[in-house]
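Here is the naming used below: chain letters follow the sequence lines, and residue numbers restart at 1 for every chain.
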There are 2 protein chains.
Amino acid sequence: MIKYQEIANDIRKNILAGQYLSGVQLPLEKEMCAQYNVSRITIKKAVDELVKLGLVIKRRGAGTFVKSIDDEDAKDLSMARQFTGFTETNKGKTLRTEIIKFDVVHPDKEIAAKLQIATDDFVYDIIRVRFADGMPIVIEYTKMPINLIPGIKKDVLLKSIYFYIQHQLKLKIQSAHRSIRAISPNALEIEHLKVRDSFPLLEVEQIAFLDDGRAFEYSISHHRSDQIVFKSVSIRQ
Amino acid sequence: MIKYQEIANDIRKNILAGQYLSGVQLPLEKEMCAQYNVSRITIKKAVDELVKLGLVIKRRGAGTFVKSIDDEDAKDLSMARQFTGFTETNKGKTLRTEIIKFDVVHPDKEIAAKLQIATDDFVYDIIRVRFADGMPIVIEYTKMPINLIPGIKKDVLLKSIYFYIQHQLKLKIQSAHRSIRAISPNALEIEHLKVRDSFPLLEVEQIAFLDDGRAFEYSISHHRSDQIVFKSVSIRQ
DNA sequence: GAGTGGTCTAGACCACCCC
DNA sequence: GGGTGGTCTAGACCACTCG
């Protein structure tokens, strides 16, 4: 449908298929214009997608080149889906969710600030443990304003809140701001994640936003460190 | 110099100065065209920078809106420099580096693959502990091909390898691919980072690239978890 | 239906790299 | 000096939101 995405996909496939090897120069923008029969800006936008993905680099005055990366890394990059919840990232596995807590409370000052709501508004206060193939993977502490996300019940929590938000409420999720740290488990986590007190966890603190710019979720997830890797590509401006 | 960056900066400052409050609609693209006397594509590119930063959202058919974020988060986002080494991120502190190991070796198969070199090429094999204000912050295990980065000596390691690469060798760093995990310290780290064996560390595994697409560094950094937070903004496509 | 941002065009000039 | 990608223009049509 959208030309630049189709072209980006096409080039990406060619790279992954080994059409262009590591370090090799891609066709010039002008040549690709002719090849795909589009304007240069469209080609630029397509190739810029691949730069963001980390597959190629561009040098003014020289050309566009495939990065010198490992096949394994290349696949990683290509599948990189920066934005998915537990349900999506563990597709194909048998998932189970245990609800530890499910209340409605007033947010404390800090959380109210992060969600940009008042301390006398109400938020869900949820704690869940998520299992994949019978193994505990992560414990999630979630706070959501009930005004923005009404109607959550236990059956929603047992499946996927994100699915409910997008398909039942028909809301669109736009972005997430994350902070990542390493921490030690507390007593609750030692019990539910079945780890020892010396077992490190990866903490992901997240504020998630709807496409109208409102924050709809503040969550902290503590992941078993043997079950999660966080990947990122950063490009110098 | 570059118009869209200047405009992006100007709008960013206005948002941070409280000119536009959380949730408020920005002027229309058409209006900004008139205001800055540029074409619409230039305005689009400027505002897209702010979308990437996480400060605003755009909705086709509706307009552009400031995200509902905390002042503190806003500042974080605005300073977000995805790409810096130890020296940059700890500016203003008193830095010290201890060299634990500095050899030249053949890379093993896995590292050769990640750097896209042969196992009979040579790489520096470096281990360093970095201190800020007298406190150990991170231990870095670095491998670099000597062909790409020639002439490293102890005085370079004691300061900043990145500074040497950019200012002495006049090479440009383009990007880094990172994987982040939580781990436990090993004996070496317990000693040098002055932590107990139950103290969690944040591992950052990184492959860094020059602007010609060649990988010039494979490194693993183990950070004291009380001294590092990794931040990220992800936008749904 | 009026108005928004998203995509795309055809063309121009510029900064930069490399020969 | 010849050719690269980077920026920018003026204009067009489209998909979408909202009253």
Side-chain angles (χ1 to χ4, degrees), chain A residues 1-11 20 23-52 55-67 166 169-172 174-175 210-214 235-237, chain B residues 1-11 20 23-52 55-67 166 169-172 174-175 210-214 235-237:
Chain A
M1 199 73 205
I2 294 171
K3 283 188 189 177
Y4 79 86
Q5 282 180 356
E6 281 178 358
I7 296 171
N9 255 314
D10 192 56
I11 302 172
Y20 304 112
V24 156
Q25 183 166 11
L26 287 186
L28 305 183
E29 293 191 346
K30 208 194 293 180
E31 293 169 7
M32 291 202 258
C33 290
Q35 182 185 340
Y36 291 103
N37 197 30
V38 296
S39 78
R40 207 181 126 215
I41 286 187
T42 303
I43 291 292
K44 249 182 71 53
K45 233 182 150 182
V47 177
D48 281 345
E49 293 292 303
L50 303 182
V51 172
K52 270 192 243 167
L55 280 174
V56 306
I57 61 101
K58 292 175 165 189
R59 285 162 67 206
R60 175 168 10 183
T64 303
F65 303 83
V66 179
K67 259 186 182 172
Q166 295 177 92
L169 298 180
K170 308 279 184 196
L171 296 173
K172 282 178 195 155
Q174 191 262 349
S175 63
L210 296 176
D211 81 335
D212 62 1
R214 290 182 297 179
I235 310 287
R236 167 152 279 179
Q237 291 306 334
Chain B
M1 199 74 206
I2 293 170
K3 283 188 190 175
Y4 79 85
Q5 281 179 357
E6 280 178 359
I7 295 171
N9 255 313
D10 191 57
I11 302 172
Y20 304 113
V24 157
Q25 183 166 12
L26 288 186
L28 305 183
E29 293 191 345
K30 210 194 292 180
E31 293 169 8
M32 292 202 255
C33 291
Q35 181 185 341
Y36 291 103
N37 196 31
V38 295
S39 79
R40 207 181 125 216
I41 285 187
T42 303
I43 290 292
K44 248 181 72 54
K45 232 181 152 183
V47 178
D48 280 344
E49 293 292 304
L50 303 181
V51 172
K52 272 191 241 167
L55 280 174
V56 306
I57 60 102
K58 291 175 165 189
R59 283 163 68 208
R60 186 186 334 202
T64 303
F65 302 83
V66 179
K67 258 187 184 172
Q166 295 178 94
L169 297 181
K170 309 280 186 197
L171 296 174
K172 283 178 194 154
Q174 191 261 350
S175 62
L210 296 175
D211 81 335
D212 61 2
R214 291 181 297 178
I235 310 287
R236 169 152 277 180
Q237 291 306 336

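- Under the salt bridge (charged side-chain N to carboxylate O under 4.0 Å, His left out) criterion, R214(B) pairs with D212(B), sequence neighbours left out.
- The side chain to side chain donor-acceptor pair (under 3.5 Å) contacts involving residues 38-47 of chain B comprise E29(B)-R40(B), S39(B)-T42(B), where partners must be two or more places apart or lie in separate chains.
- The shortest distance between side-chain heavy atoms of Q174(B) and R59(A) does not fall below 4.5 Å.
- Legend: residues meeting side-chain contact (heavy atoms from CB on, under 4.5 Å) with Q166(A), ordered by chain and number and at least two apart, are Y162(A), I173(A), R236(B).
- Residues of residues 40-49 of chain B that place a heavy atom closer than 4.0 Å to DNA chain C, in numerical order, are R40(B), I41(B), K44(B).
- The side-chain hydrogen bond (donor to acceptor under 3.5 Å, both in side chains) check on Y36(B) picks up D10(B), with sequence neighbours excluded.
- When the side-chain contact (heavy atoms from CB on, under 4.5 Å) test is applied to Q25(B), the partners found at least two apart in sequence or on another chain are L28(B), F65(B).
- Between K58(B) and D211(A) there is no salt bridge, since none of the side-chain N atoms of the basic residue sits less than 4.0 Å from a carboxylate O of the acidic one.
- Considering only residues two or more places apart in sequence or on other chains, E49(A) meets the side-chain contact (heavy atoms from CB on, under 4.5 Å) condition with Y4(A), A8(A), K52(A).
- For DNA chain D, the span of nucleotides reached by chain A at under 4.0 Å from its heavy atoms goes, 5' to 3', from dG3(D) to dT17(D).
- Side-chain contact between I57(A) and V51(A) is absent, with no heavy atoms from C-beta onward closer than 4.5 Å.
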Give each protein N/O atom lying under 3.5 Å from an N/O atom of nucleotides 15-19 of chain C, with the pair distance.
| unit_1 | atom_1 | unit_2 | atom_2 | d |
| --- | --- | --- | --- | --- |
| dA15(C) | O4' | R60(A) | NH1 | 3.0 |
| dC17(C) | OP1 | K172(B) | NZ | 3.1 |
| dC17(C) | O4' | R60(A) | O | 3.4 |
| dC18(C) | OP1 | R59(A) | NH2 | 2.4 |

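- Rounded to an integer number of Å, the gap from NZ of K30(B) to C1' of dT4(C) is 9 Å.
- Not counting sequence neighbours, K3(A) has no partner by the side-chain hydrogen bond (donor to acceptor under 3.5 Å, both in side chains) test.
- What separates CG of L28(B) from P of dA2(C) is a distance of 17 Å, to the nearest Å.
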